[in-house]
Amino acid sequence: MAKIFITGSADGLGQLAAKSLADQGHQVVLHARNPERGRYAQQKVPGAEHVLLGDLSDIDETKNVADEANALGRFDAVIHNAGVYQASARDIFMVNTIAPFILTCLMQKPGRLIYLSSGMHLQGRANLENFKKDNPRISYSDSKLHVVMLCMAVARKWPDVFANAVDPGWVPTKMGGLGAPDDLQKGYETQVWLAVSEENRGKVSGRYFHHQQEKRYNPQAGDTLLQESFLSRCQDLTGIPFPP
Ligand SMILES: NC(=O)c1ccc[n+]([C@@H]2O[C@H](COP(=O)([O-])OP(=O)(O)OC[C@H]3O[C@@H](n4cnc5c(N)ncnc54)[C@H](OP(=O)(O)O)[C@@H]3O)[C@@H](O)[C@H]2O)c1
């Protein structure tokens with residue numbers, strides 16, 4: 001039985017992954033932005049053990065989520081799932097780029113890390129010169145490139161952790177919209193598989209998956225100089241260094 005933390009698990013793919021893992025008997029810790037969404041998450045995933053609260057667009061609240069997660073002990077796997085698409089550039093930057101960085105740095109190192117990206121990251125640019133707390137000029141595609149870049153930096157620097165990124169496809173959640181053409185179940189199965197599978201194919205690091213198949217990712221994410229600049233820009237903004 002594994003202990004797994006999933007950000008943004010009140011709804012969508014996070015909630016579905018949480019349900020699937022709890023149904024398999026794993027210890028699941030949910031996360032929601034506020035108490036009301038926390039109650040909703042618990043209703044939807046009654047098999048979960050806890051729900052942690054915090055708005056990931058706020059740096060202090062995100063730090064607090066890390067503290068509360070650490071108070072529960074070390075996790076076997078963390079799924080960085082929370083994300084926004086139709087939102088201000090500031091929220092996209094804070095929730096999609098900065099929150100996974102903060103939580104990765106401040107939480108006790110888990111055995112496995114899974115970062116939710118998107119096929120749209122292929123069109124993203126690192127755009128590091130536009131990293132600003134108040135007025136970032138970052139697109140959704142850029143932010144989804146950032147999480148792949150973070151994932152590949154983690155995979156390179158922490159050889160004792162399996163860190164992988166996932167493109168769930170375009171699926172019918174609140175974010176994807178009702179008309180989204182891809183299979184909803186396939187949209188969360190890969191994260192669940194990477195979190196707990198004992199298959200050798202899933203116990204790898206530094207890969208990008210779509211429907212449990214390895215896919216090519218944007219080469220900017222694998223550029224170690226760019227990764228270092230990315231980590232140092234995140235550190236400048238948050239005051240948090242990337243731990244050794
Ligand atoms: N759906 C797609 O077609 C698609 C495609 C490619 C990639 N993805 C990626 O897959 C992940 C999950 O997406 P989804 O489709 O499941 O989206 P979703 O249905 O909109 O769910 C996103 C989750 O993130 C939470 N969240 C958003 N902003 C937050 C904040 N400031 N603080 C705390 N929690 C916050 C949401 O909370 P609330 O419920 O309270 O809003 C929700 O639980 C995202 O990273 C997304 O970028 C999705």
Side-chain angles (χ1 to χ4, degrees), residues 5-20 28-45 48 51-66 68-69 78-103 113-124 138-148 150-151 164-192 194 208-211 215 217:
F5 178 53
I6 308 174
T7 66
S9 32
D11 218 324
L13 296 175
Q15 183 203 92
L16 290 165
K19 257 189 207 150
S20 167
V28 175
V29 175
L30 305 170
H31 158 259
R33 66 171 76 223
N34 60 32
E36 188 193 339
R37 295 302 284 157
R39 282 190 292 277
Y40 181 80
Q42 267 176 324
Q43 273 168 20
K44 291 289 177 183
V45 194
V51 58
L52 301 183
L53 303 178
D55 184 334
L56 300 183
S57 67
D58 181 287
I59 288 182
D60 289 336
E61 289 201 28
T62 306
K63 287 179 177 169
N64 193 49
V65 170
E68 290 191 1
V78 176
I79 305 179
H80 291 282
N81 162 83
V84 287
Y85 175 56
Q86 279 178 316
S88 65
R90 185 196 170 278
D91 279 6
I92 287 174
F93 183 53
M94 287 297 166
V95 177
N96 297 6
T97 301
I98 295 298
F101 169 81
I102 293 177
L103 294 174
L113 277 161
I114 298 117
Y115 296 89
L116 263 291
S117 179
S118 158
M120 287 174 72
H121 95 279
L122 291 166
Q123 282 87 54
I138 300 290
S139 71
Y140 176 80
S141 300
D142 297 343
S143 74
K144 290 294 159 181
L145 169 62
H146 296 150
V147 282
V148 184
L150 174 62
C151 171
N164 295 290
V166 173
D167 162 23
W170 181 11
V171 291
T173 59
K174 192 164 66 179
M175 180 185 290
L178 284 178
D182 288 339
D183 185 317
L184 185 57
Q185 188 174 337
K186 285 202 164 71
Y188 65 85
E189 277 177 350
T190 303
Q191 298 82 292
V192 167
L194 286 169
Y208 172 77
F209 287 94
H210 174 66
H211 296 176
K215 297 282 171 194
Y217 56 85

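Counting convention: from 1, in listed order, for ligands and their atoms alike.
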message = Any carboxylate oxygen within less than 4.0 angstrom of a Lys/Arg side-chain nitrogen, looking at Arg37 and Asp11?
response = yes
remark   = Rounding to 0.5 Å, atoms CD1 (Ile59) and CZ (Phe101) come to a distance of 10.0 Å
query = Are the side chain of Ser117 and the backbone N or O of Val147 linked by a donor-acceptor pair below 3.5 Å?
reply = no
key: Side-chain donor or acceptor of Asn96 paired with backbone N/O of Ser143 under 3.5 Å   = no
key: Under 4.0 Å from ligand 1 - residues by heavy atom, chain and number   = Gly8, Ala10, Asp11, Gly12, Leu13, His31, Arg33, Arg37, Gly54, Asp55, Leu56, Ser57, Asn81, Ala82, Gly83, Val84, Val95, Leu116, Ser117, Ser118, Tyr140, Lys144, Pro168, Gly169, Trp170, Val171, Thr173, Lys174, Met175, Gly176
task = Report yes or no: does Arg90 contribute a side-chain atom to a donor-acceptor pair with the main-chain N or O of Ser57 at less than 3.5 Å?
result = yes
query = With no hydrogens and no angle check, is any side-chain donor or acceptor of His146 less than 3.5 Å from a backbone partner on Thr97?
reply = no
